[in-house]
Amino acid sequence: GKYQLIYFNVRGRGEATRYLFKDNGIDYDEVNCRENWAKEWKSQMAFGQTPCLKDNDLSLVQSNAILRYLGRKHGLYGSNEEEAAYIDMITEGIEDLRVKYVTMIYKNYENGKEPYVADLPKQLLPFEKLVTKHGDDKSGFSVGNKRSFVDYALFDLLDINVVLAPNCLDDFPALSAFYKAILNRPGIAAYRETEAFKERTINGNGKQ
Ligand SMILES: N[C@@H](CCC(=O)N[C@@H](CS(=O)(=O)O)C(=O)NCC(=O)O)C(=O)O
């Protein structure tokens, strides 16, 4: 049957998967697990956390495992082992910056936003170099010459940082071109016009 994405009504760690579905014309159902989370849902999750992807009787948690699974299933994991390795490397780099971001958002927004933004150019520079070296920024490919799952993780990482610091990509031509290329993909553009997308907060505490 159809994929189910079980998550809260936030972008958070589910948005990259939503973008993957939308950009590749893959149908799926959203299941909001906020109601009765602790009583009904949490105990069903391998790590007591969400997002969770259900694919028939497969129940997969861990957002990056979900992206990799869909990458393997839908030809979105590079054209060879080297590209797959770079895709993994960038995915881990995105995870590192995402953790810095969510720690600031949830634990230290008032005092942590300014130093986080001041440090952002240093954090984004590796991605500028990697996309330039291994990808095609104008096409929105992080690695190689076709789409991969990491494109959606990188796009979401850039997007939430642009919301936080609107000029953060100004000194990064490759990341700016990459961001624009994905933003202009028909499936992504249409999705970002929907009420569902617009009403979804980026983070659970409403800070962004
Ligand atoms: N490493 C996990 C982290 C998942 C996680 O932290 N999920 C949070 C929600 S969110 O931070 O992603 O929005 C959660 O389940 N929180 C509820 C709980 O822990 O009971 C992943 O990448 O999926």
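Ligands are counted one by one from 1 in listed order, and the atoms in each one are counted from 1 as well. Since we're looking at a predicted model, the values are computed, not measured.
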message = Taking the six-membered ring for Trp, are His134 and Phe178 closer than 6.0 Å centroid to centroid?
response = no
task = Inspect the contact between Glu110 and Lys207 and indicate whether a charged nitrogen and a carboxylate oxygen are less than 4.0 angstrom apart.
result =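 Judged by the 4.0 Å cut-off on N to carboxylate O distance, Lys207 and Glu110 do form a salt bridge.
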ask   = Under a 4.0 Å N-O cut-off, is there an ion pair linking Asp156 with Arg18?
value =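 Salt bridge absent between Asp156 and Arg18.
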What is the nearest protein non-hydrogen atom to [atom], stated with its residue, atom name and distance?
atom: atom 3 (C) of ligand 1; answer: Gln49 OE1, 3.5 Å
atom: atom 17 (C) of ligand 1; answer: Trp37 NE1, 3.6 Å
atom: atom 9 (C) of ligand 1; answer: Thr50 O, 3.7 Å
atom: atom 1 (N) of ligand 1; answer: Gln62 OE1, 2.6 Å
atom: atom 23 (O) of ligand 1; answer: Ser63 N, 2.9 Å

query = Contact between Gly12 and ligand 1, counting heavy atoms under 4.0 Å?
reply =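 Judged by the 4.0 Å heavy-atom criterion, Gly12 does not count as contacting ligand 1.
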ask   = Judged by non-hydrogen atoms, does Gly204 sit under 4.0 Å from ligand 1?
value = no
message = Below a 4.0 angstrom heavy-atom separation, can you tell me which part of Lys42, side chain or backbone, both or neither, approaches ligand 1?
response =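 The answer is the side chain.
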request  = Would you indicate which of Tyr106, Phe8, Tyr7 comes nearest to atom 10 (S) of ligand 1 when only heavy atoms are counted?
outcome  = Tyr7
ask   = Any donor-acceptor pair under 3.5 Å linking the side chain of Arg68 with the backbone of Phe149?
value = no
ask   = Should Leu164 and Leu157 be regarded as members of a common hydrophobic cluster, given that ILVMFWY residues are connected when their side-chain heavy atoms come within less than 4.5 Å of each other, either directly or indirectly?
value = yes
key: Worked check of side-chain hydrogen bond (donor to acceptor under 3.5 Å, both in side chains) between Asn184 and Tyr179   = CA-CA 9 Å; Asn184 293 331; Tyr179 179 71; over 6 Å; no
task = For Gly48, counting its heavy atoms only, list the atoms of ligand 1 lying under 4.0 Å from any of them.
result = 18 (C), 19 (O), 20 (O)
query = Taking only heavy atoms of Pro51, which atoms of ligand 1 are found under 4.0 Å from at least one of them?
reply =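 Once the distances to Pro51 are compared, the set is 23 (O).
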